[in-house]
Amino acid sequence: MKLEKIIRQRKADKDILLMTHIVLGYPSFEINREVIKQMVDNGVDCIEMQIPFSEPMADGPVILKANQDSLTRGTTIEDCLNFGAEMCSTHEIPFLYMTYYNIIYKYGEERFLDQAAEAGIRGLILPDLPPEEGAHLCKSAKQRDIAPIMIYSPTSTVERMQELSGHGAGFIYCTARKGVTGSHSDLDTEFKNYLSRCRQATSLPLAVGFGIQNRSDIEALIGAADMGVVGSQTIKLVDEQGSAAVGPFISRLRGTS
Amino acid sequence: MKLEKIIRQRKADKDILLMTHIVLGYPSFEINREVIKQMVDNGVDCIEMQIPFSEPMADGPVILKANQDSLTRGTTIEDCLNFGAEMCSTHEIPFLYMTYYNIIYKYGEERFLDQAAEAGIRGLILPDLPPEEGAHLCKSAKQRDIAPIMIYSPTSTVERMQELSGHGAGFIYCTARKGVTGSHSDLDTEFKNYLSRCRQATSLPLAVGFGIQNRSDIEALIGAADMGVVGSQTIKLVDEQGSAAVGPFISRLRGTS
Amino acid sequence: MSTKKYFGNWGGSFIPEALHETFRQLDIAYRQIRNDPAFWEEYMSLMSTYSCRPTPLTYAENLSNHFGGAQIYIKREDLNHTGAHKANNVMGQGLLVKRMGKTRVIAETGAGQHGIATATMAAKFGFECTVYMGEEDVQRQRPNVFWMEKMGTTVVPVKDGSKTLKDAINEAFRDWVTNMDTTHYVFGTACGPAPFPEMVSWLQSIIGQEAAEQIVRQHGKLPTRIYACVGGGSNSLGIFQRFLDEEQTELVGVEAGGHGLDSGQHAARLCGDDASAGVAQGYKTMFLQNDDGQMLDTHSVSAGLDYIGVSPILADLWEKKAVRFEAATDDEVIEALDLTMRMEGIIPALESAHAFVQAFKEASEMAKDEAIIINMSGRGDKDIFTIAHAYGDPSWKEFIIDRAEQYRK
Amino acid sequence: MSTKKYFGNWGGSFIPEALHETFRQLDIAYRQIRNDPAFWEEYMSLMSTYSCRPTPLTYAENLSNHFGGAQIYIKREDLNHTGAHKANNVMGQGLLVKRMGKTRVIAETGAGQHGIATATMAAKFGFECTVYMGEEDVQRQRPNVFWMEKMGTTVVPVKDGSKTLKDAINEAFRDWVTNMDTTHYVFGTACGPAPFPEMVSWLQSIIGQEAAEQIVRQHGKLPTRIYACVGGGSNSLGIFQRFLDEEQTELVGVEAGGHGLDSGQHAARLCGDDASAGVAQGYKTMFLQNDDGQMLDTHSVSAGLDYIGVSPILADLWEKKAVRFEAATDDEVIEALDLTMRMEGIIPALESAHAFVQAFKEASEMAKDEAIIINMSGRGDKDIFTIAHAYGDPSWKEFIIDRAEQYRK
Ligand SMILES: Cc1ncc(COP(=O)(O)O)c(C=O)c1O
Ligand SMILES: Cc1ncc(COP(=O)(O)O)c(C=O)c1O
């Protein structure tokens with residue numbers, strides 16, 4: 001099934017969906033496994049798995065460090081692809097890969113997409129690949145039912161959003177603010193205006209990420225967005241309290257505890 | 001009596017005369033006193049007393065250091081003039097002042113010469129005052145029977161020597177080589193030629209200094225010069241062995257022991 | 001005229017969406033200045049009163065005689081204000097920033113030269129300024145940090161990754177992506193997303209324009225070869241561009257050979273076999289990366305050349321064989337530096353000394369009526385800590401230890 | 001033309017007899033080059049290809065606005081090869097040495113700039129070279145010593161007297177008096193026995209000639225005032241001479257005020273009351289000396305200004321009131337340096353910063369259509385150890401201590 005359809009089905013029963021993020025191989029694949037299980041068990045709707053890259057230009061300090069630590073521990077793409085395949089076959093929810101374009105460029109676009117498709121990966125987030133450079137990749141991905149996720153920023157004009165929407169699939173990733181991942185975002189009036197611009201520009205579901213940290217952030221998104229994305233916050237949590245803390249955190253976010 | 005006459009009288013009985021050098025106030029006036037007594041007692045014919053200056057441009061390391069130490073101990077010109085007067089009245093031999101021009105310039109030329117003349121000083125050696133700059137001083141000195149000692153260098157042309165001779169009195173100070181005081185000089189054939197050029201250029205007696213260190217240096221001068229000058233060597237001797245060593249050193253130089 | 005995004009297979013603009021609009025506006029502004037003769041005039045007037053353009057072309061008579069072949073000329077970018085060619089690019093971008101109405105500039109720096117130049121430009125134009133510098137480079141180039149701070153710039157040591165230039169670039173992009181409204185990122189070399197490679201090369205092209213005129217005036221004809229060191233590629237493109245269509249002039253780019261091309265410890269992307277095509281830091285070029293596409297640690301005695309990528313324009317010229325690429329090892333660099341100091345009284349930056357190495361290897365095989373030009377991209381004083389260290393100079397060590405004693409008290 | 005030995009009551013040639021013939025020959029050689037237009041042409045050609053003459057005149061827009069008075073222009077001698085005006089004198093004397101057929105040069109140095117320039121010239125002309133430098137200055141300017149040595153020069157630390165410039169001069173004379181046959185003493189400033197004051201001033205006069213042309217081109221008329229720091233006097237005379245007969249231009253020399261004119265710790269010879277007429281180091285001028293004629297210890301934050309004497313030409317201009325003299329204290333110098341770095345992105349040498357101090361004191365009282373020129377005799381990078389120290393910069397201290405740790409191992 002296509003990602004967009006899955007999202008819409010899940011959204012039918014819920015006021016808002018939840019996507020979480022992990023960095024593959026950080027702190028270890030073993031812990032990735034535990035964390036993902038807790039996420040799924042506590043009702044996460046979608047998970048983006050970041051394949052680490054040595055130059056994560058769009059990431060803030062927490063994810064940056066996780067990328068580097070993972071690489072220092074020897075994580076390879078092969079490891080990541082194998083782990084991704086394992087997760088897809090273990091859990092019911094959709095999994096996405098997030099990484100930087102060089103990883104795919106070096107591995108070979110077709111080869112990468114083929115393996116990802118075979119494993120059951122539903123989408124792909126590449127923050128440094130605008131459609132001007134990635135039109136071909138977007139098309140190839142779609143052909144394999146992998147959704148190329150487009151990113152909107154508060155700096156994007158409506159025309160630009162429309163153009164991006166044409167290249168994308170699955171949902172649109174709206175960054176809640178300018179900047180990189182990690183710090184908290186103000187979900188104020190200006191933000192609401194931005195989200196309604198996003199809505200006008202695309203018919204795809206909207207996910208909102210960058211600095212979503214707690215239940216009240218998620219509540220602020222209800223009605224305006226289809227999915228909240230929690231990134232750095234879970235990494236910090238695992239760093240500080242271990243993987244067992246993830247379940248309770250997710251259920252707090254979901255408002256079920 | 002004029003210095004030249006004294007020199008000639010003394011030379012009448014000896015194959016060569018001996019001039020020595022001390023730095024006033026180094027290591028102390030007390031030791032200056034002892035050293036001079038030993039010099040006189042052992043047959044020195046003439047003594048140049050250097051009034052220390054902070055910038056002794058023409059002096060080598062031994063005398064340079066003696067100048068600075070003396071000044072650091074607080075030696076003043078007044079001290080030097082008083083000490084000079086005391087020596088002139090204590091000993092029979094002629095005393096000269098050696099210093100740099102600024103000392104006299106600052107003190108006042110007339111005032112300095114008056115005091116020196118009154119004390120009985122017979123000559124003045126100023127290595128940084130060529131007659132072009134010091135013609136007036138030379139004349140004023142001569143008027144007071146103080147001989148302005150001209151210096152010849154191996155680089156001086158015969159014409160230059162003749163010109164200098166006209167300004168000078170007492171004797172000519174021939175530097176045995178280029179350079180500054182202190183290191184040993186080769187009294188070779190070239191040197192002999194130089195001395196005979198000096199002889200031709202002036203009718204004044206010739207003293208030879210710079211690096212005269214032992215009896216054989218003195219012997220080499222016999223016949224060619226009228227007086228040998230020993231400078232740094234006695235300072236080193238006093239530094240190393242104390243003032244009592246001066247007497248025996250001088251009598252060795254004189255060939256009397 | 002419209003900006004070229006690709007140079008053959010290389011270049012492009014791989015940027016986060018948040019910067020899309022910023023780059024669109026930058027591109028427009030760049031095209032405006034590029035098409036406005038008044039801009040170039042203003043730029044020239046600034047460079048000839050604030051820096052000392054035209055920089056001289058020095059005939060190295062002693063080196064020429066020593067090698068007994070080609071007549072060696074040195075293009076003196078070291079005499080620029082702030083001591084390197086970096087000033088050309090930075091002052092030009094400063095004028096651009098003024099036109100765009102932005103009030104803050106940021107920059108990455110490796111050797112510190114680009115940082116110094118940017119801090120200087122910011123002081124002169126009254127911009128706020130933050131410079132990102134790999135922590136390892138902060139160590140190597142401490143005096144530069146001191147001067148940047150004194151000119152009112154905030155220097156941020158970057159502690160991520162290999163703690164060198166590439167990490168500083170990532171960090172600068174992270175800043176830009178947050179503060180694009182007020183801020184222009186003064187990219188320091190002919191790399192990065194379009195329009196930077198083209199814009200920086202254009203601003204640096206003054207070097208070659210002057211050199212062509214000077215060599216004809218002084219030597220009577222164009223040079224047989226031109227040598228320039230290649231970090232990101234800005235000084236080499238600066239001098240090369242004017243000669244690209246001159247048949248009689250061969251262009252030679254010299255990369256950092258570090259401990260040798262076989263050692264794995266170097267920064268040679270276009271000569272040697274360790275680099276491969278990739279996309280990072282916003283553009284496509286030959287990168288020093290592993291099979292997984294992870295960037296490798298590079299090494300060079302010179303902080304300004306140990307960069308993982310290289311100008312896409314040079315990658316294209318390399319592929320088309322329009323420029324020959326060579327590498328100079330750390331040891332060869334120190335040797336060439338030594339000879340140049342002793343024979344000509346000229347102290348090249350460690351970066352620039354790479355170009356001297358290759359010129360020295362080839363000069364003696366050339367005829368006496370041929371001329372070669374070495375682009376001396378910067379002066380070596382700034383490298384005192386590295387050079388004195390490389391020489392193992394004992395009295396330098398003693399001096400540093402003495403100073404430290406004073407500071408400990 | 002014959003050489004002027006005296007300038008009013010000042011100057012002369014108080015030299016040991018051994019140097020009489022040497023000076024006679026030097027004087028002849030100097031008169032020859034002075035009367036030979038080909039010499040000046042060769043000199044200009046050297047300075048415009050090896051250094052970057054004409055050096056620019058920079059309009060300091062921000063400082064001008066900051067003070068709100070006169071338009072401030074900066075003559076950029078810092079952009080010379082080796083970083084100061086000293087190169088002008090030294091390269092000229094280099095050409096002279098070549099004509100005289102000597103093979104060795106010696107020099108004294110205070111700040112190290114003259115030493116660096118001489119070492120550079122010696123490398124370029126293939127002369128042997130020994131530089132005398134007071135031990136205290138060796139401490140203050142260690143990087144300069146390193147570069148001199150690397151250019152093949154022997155640097156001799158002078159441990160006598162106050163261990164500064166004057167002692168280095170004495171020592172250089174001691175060398176010369178021994179080796180005059182092969183050796184020329186490259187005197188570094190407009191002091192010393194004739195013909196040095198005149199010769200050095202003549203070689204430096206290029207500064208003022210260029211500046212006069214530039215200020216008229218850039219500002220439309222001659223400046224109201226010109227400020228230059230005064231050590232020995234060469235950079236100030238270099239810029240002043242051209243303007244001596246210009247009624248509308250006032251010339252201001254700025255001496256090292258150290259801890260203040262009343263403190264006894266300064267190097268002000270022409271302003272303040274601590275100096276008196278004297279004869280030393282071969283010439284007559286105003287010296288900082290005690291009543292006995294013994295030279296005093298001087299003090300300045302800048303190694304290039306704390307000299308006991310001053311050019312006899314300046315002493316004459318002072319006596320005739322053709323030049324006004326002021327003093328800047330160490331603290332004022334650091335403040336002016338700070339302001340100049342932050343507002344203009346320009347780092348004056350500590351010496352040059354003295355001229356900036358006085359210009360800053362006076363600029364705001366002048367009308368907006370008036371121009372002033374500050375002669376920036378050199379760049380401040382060389383002073384990093386002194387300046388970082390003066391600021392008490394903690395990260396600099398930490399850096400030095402870290403380095404020392406590495407060297408201790
Ligand atoms: C003096 C100098 N030369 C060369 C370079 C290398 O850069 P590019 O290849 O862009 O000229 C640098 C970089 O910092 C530098 O400082
Ligand atoms: C940069 C600089 N300025 C000024 C001076 C002072 O010398 P002068 O008065 O001869 O110009 C020096 C001396 O070393 C110097 O290095």
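Protein chains get the first letters and strands the later ones, always in sequence-line order, with residue 1 at the start of each. All heavy atoms count here, side chains included; hydrogens, waters and symmetry mates do not.
Of the two parts of C/Y6, only the side chain, counted from C-beta on, holds a non-hydrogen atom closer than 4.5 Å to a non-hydrogen atom of chain A. For chain C, no part of A/N67 is nearby; none of its heavy atoms comes within less than 4.5 Å. For A/Y100, no part lies near chain C; criterion is any non-hydrogen pair under 4.5 Å. Proximity to chain C is absent for every atom of A/I51, based on heavy atoms less than 4.5 angstrom apart. For A/T157, the part lying near chain C is the side chain, with the backbone staying farther off; criterion is any non-hydrogen pair under 4.5 Å. Contact annotation for A/F53: both backbone and side-chain heavy atoms come within less than 4.5 Å of a heavy atom of chain C. Looking at A/E55, the atoms closer than 4.5 Å to chain C (heavy atoms on both sides) sit in the backbone and in the side chain alike. Proximity to chain A (any heavy atom under 4.5 Å) is restricted, for C/N290, to the backbone atoms N, CA, C and O. Heavy atoms closer than 4.5 Å to chain A are found in both the backbone and the side chain of C/Q281. For C/A172, no part lies near chain A; criterion is any non-hydrogen pair under 4.5 Å. Using a 4.5 Å cut-off between heavy atoms, A/T76 touches chain C through backbone and side chain atoms alike. Contact of A/P52 with chain C is made through the backbone alone, with heavy-atom distances under 4.5 Å. For A/I77, the parts sitting under 4.5 Å from any heavy atom of chain C are the backbone and the side chain alike.
A/T155 contributes atom OG1, which lies 8.5 Å from atom CG of C/D181 (distance to the nearest 0.5 angstrom). Note that the CG atom of A/L64 and the CG atom of C/N170 stand 8.0 Å from one another [nearest 0.5 Å]. Rounded to the nearest 0.5 angstrom, A/E133 CD and C/K5 NZ are separated by 6.0 Å. Between the NZ atom of A/K178 and the OG1 atom of C/T22 there is a distance of 8.5 Å, given to the nearest 0.5 Å. Distance check, rounded to the nearest 0.5 Å: OH of A/Y173 to CD of C/E17 gives 14.0 Å.
Heavy-atom minimum distance, C/R174 versus A/D59: NE-O, 2.6 Å. Taking every heavy atom of both residues into account, A/Q68 and C/D160 meet most closely at NE2-CB, 3.6 Å. Annotation for A/N102 and C/V279: closest pair OD1-N, 2.6 Å, computed over non-hydrogen atoms. Closest approach of A/P130 and C/S13 over heavy atoms only: CG-O, 3.5 Å. Residue A/M57 comes nearest to C/F173 through the heavy atom pair CE-CD1, 3.5 Å, listed as atom of the first residue, atom of the second, then distance. Between A/K106 and C/D291, the closest heavy-atom pair is CE-O, 3.9 Å.
Taking C/M295, C/R24, C/E21 one by one and counting their heavy-atom pairs under 4.5 Å with chain A, the maximum is reached by C/M295. The greatest number of non-hydrogen atom pairs below 4.5 Å with chain A, out of C/P193, C/G161, C/A280, C/G282, is found for C/G161.
The neighbour count for A/E190 CD, taken as heavy atoms of other residues, nucleotides or ligands under 6.0 Å away, does not exceed 12. For A/E118, the CD atom sits in a loose shell: 12 or fewer heavy atoms of surrounding residues, nucleotides or ligands are nearer than 6.0 Å.
Two residues are said to be in side-chain contact when any heavy atoms from C-beta on lie closer than 4.5 Å; C/H20 and A/E132 meet this criterion.
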